Amino acid sequence: MANPQPPRSLTQAMLVRTIAIVLLALIILVGLSVLIIWLAVRPKRLVYTVEEGSIHGFNLTQNNHLNATFNFVIRAYNPNTKISIYYDKVEAYVFYYDETVAFTTVDPFFQPRRNVTHLGLNLMARDAALEGAAAKDLRLKKSSGEVELDIRVKAKIRFKVGVWKSRHRTLRILCSPTMVHFSSSKGFKRTYCDVDL
Ligand SMILES: *[C@@H]1O[C@H](CO)[C@@H](O)[C@H](O)[C@H]1NC(C)=O
Ligand SMILES: *[C@@H]1O[C@H](CO)[C@@H](O)[C@H](O)[C@H]1NC(C)=O
Ligand SMILES: *[C@@H]1O[C@H](CO)[C@@H](O)[C@H](O)[C@H]1NC(C)=O
C-alpha cells in the first residue's frame with residue numbers, strides 16, 4: 001500500500017529549501033549591513049541645555065489670569081560627526097503646574113554635524129488662566145523672587161547621513177526644573193534637559 005512520493009514533489013522540497021537558505025542569507029546580509037552602517041555612523045545623543053532665562057511684564061490678576069513674557073536661550077548641541085539634522089517643526093511651551101502658560105514656535109532650521117545652535121525663545125502668556133493652587137503658589141514665588149518652570153520642546157526632525165535622509169521623528173525635550181529669577185540682575189543657572197526620541 002506504500003505510496004512512493006513522485007520525484008516532482010522532491011524537487012519542490014529542494015526548491016523550498018533553497019529559497020529558505022537564500023532568504024536567511026539575505027536577512028543576515030541586511031543585518032550585517034545595518035551593523036556596519038551603525039558602527040560607521042556611531043550615533044551620539046543630542047544635548048540640550050537652557051543657558052539663559054528671564055521673565056518680563058509679569059502681571060497676575062486677582063482672578064488668576066497671567067500676563068508675562070518668558071525669554072529663554074536653548075543651546076542645541078549635535079555632537080555627531082556623520083549626522084546632521086533638519087528641524088522641520090519646532091514648538092516650545094512653558095509649563096507651570098502641568099499647565100501650558102506660554103507657547104511659541106521656532107522657525108525651521110538645519111543643524112550641521114558637530115554644531116552648536118542657540119535658539120532664542122520668546123514665549124508670551126496672554127491672559128493665561130491658572131488654577132487656584134497654581135496661581136496661589138505663583139504669587140508666593142513672585143514674592144520670593146524666583147520660580148521653577150518646565151520648558152518643553154516638541155520637534156519634528158529628520159536625520160541626514162551623507163545623501164540619505166531619515167523619515168520624520170518626534171523629538172521631545174524637557175528642561176525641568178528651570179529656575180528663573182524675576183529680577184534680571186540675578187544670574188541664571190544652566191539647566192540640563194532630558195531628551196526623548
Ligand atoms: C496688572 O494689570 C492690571 C490690569 O490691567 C493693572 O491695573 C495693574 O496695574 C497691572 N500691574 C502691574 C504690576 O503691571
Ligand atoms: C494682558 O494682556 C492683554 C493683551 O495685551 C490685555 O488685554 C490684558 O488687560 C492684560 N492683563 C493684565 C492682567 O495685564
Ligand atoms: C551651526 O550651524 C549654523 C547653521 O548652519 C551656523 O550658522 C553656525 O555658525 C554653526 N555654529 C557652529 C559653532 O559651527
Side-chain angles (χ1 to χ4, degrees), residues 41-97 99-147 149 153-166 168-169 171 173 175 180-186 188 190-193 195 197:
V41 171
R42 287 278 176 154
K44 289 203 192 87
R45 272 183 154 288
L46 307 174
V47 184
Y48 301 90
T49 50
V50 188
E51 302 288 319
E52 280 169 46
S54 56
I55 304 176
H56 308 276
F58 183 92
N59 194 330
L60 181 56
T61 58
Q62 286 302 314
N63 59 354
N64 300 343
H65 281 66
L66 173 70
N67 275 10
T69 304
F70 303 92
N71 289 120
F72 293 106
V73 175
I74 293 189
R75 177 183 184 269
Y77 172 44
N78 174 15
N80 290 288
T81 51
K82 301 259 169 40
I83 308 173
S84 42
I85 307 164
Y86 290 96
Y87 290 80
D88 289 324
K89 188 176 178 214
V90 186
E91 296 171 342
Y93 306 81
V94 172
F95 271 70
Y96 190 66
Y97 268 68
E99 287 182 82
T100 307
V101 295
F103 165 81
T104 192
T105 57
V106 177
D107 287 338
F109 65 100
F110 173 75
Q111 184 170 39
R113 301 168 283 164
R114 300 206 59 131
N115 174 269
V116 172
T117 297
H118 287 90
L119 303 174
L121 304 181
N122 180 35
L123 303 112
M124 307 227 268
R126 281 291 162 267
D127 277 323
L130 296 186
E131 295 215 1
K136 193 174 162 210
D137 191 46
L138 188 54
R139 274 192 196 93
L140 282 175
K141 294 289 160 60
K142 174 75 169 81
S143 49
S144 81
E146 61 179 6
V147 62
L149 302 168
V153 178
K154 195 174 142 197
K156 285 253 184 293
I157 63 171
R158 279 174 301 156
F159 296 114
K160 182 167 178 280
V161 180
V163 290
W164 176 81
K165 290 174 193 159
S166 77
H168 273 116
R169 304 190 53 172
L171 167 75
I173 305 167
C175 314
V180 192
H181 292 284
F182 286 92
S183 152
S184 52
S185 60
K186 295 263 179 59
F188 181 83
R190 175 181 297 142
T191 308
Y192 290 87
C193 308
V195 179
L197 195 58

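Residue indices begin at 1 and follow the sequence shown. Remember, it's a predicted structure, so these values are computed and weren't measured experimentally. Counting starts at 1 for both ligands and their atoms, in listed order.
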Sorted by chain and residue number, the residues having a heavy atom closer than 4.0 Å to an atom of ligand 2 are N59, T61, N67, R126, D127

Can you find an N or O of N115 that's nearer than 3.5 Å to an N or O of ligand 3?
yes

Look at the aromatic rings of Y93 and F103 and report parallel, tilted or perpendicular, splitting at 30° and 60°.
tilted

N64 and side chain to side chain donor-acceptor pair (under 3.5 Å): which single residue from E131, R139, K136 fits?
R139

Per the salt bridge (Lys or Arg N to Asp or Glu O under 4.0 Å) rule, what does the pair list look like for residues 101-124, sequence neighbours excluded?
none

Any donor-acceptor N or O pair under 3.5 Å, side chains N71, N122
yes

Check ring-ring contact (aromatic ring centres under 6.0 Å, His included) between F109 and all other residues, then give those that pass, not counting sequence neighbours.
Y87

Would you call F159 and L197 a side-chain contact if the rule is heavy atoms closer than 4.5 Å?
yes

Which pairs, with at least one residue in residues 76-96 and sequence neighbours excluded, count as a salt bridge (Lys or Arg N to Asp or Glu O under 4.0 Å)?
D88-R158, K89-E91

Please list, in number order, the atoms of ligand 3 under 4.0 Å from a heavy atom of P112.
2 (O), 5 (O)

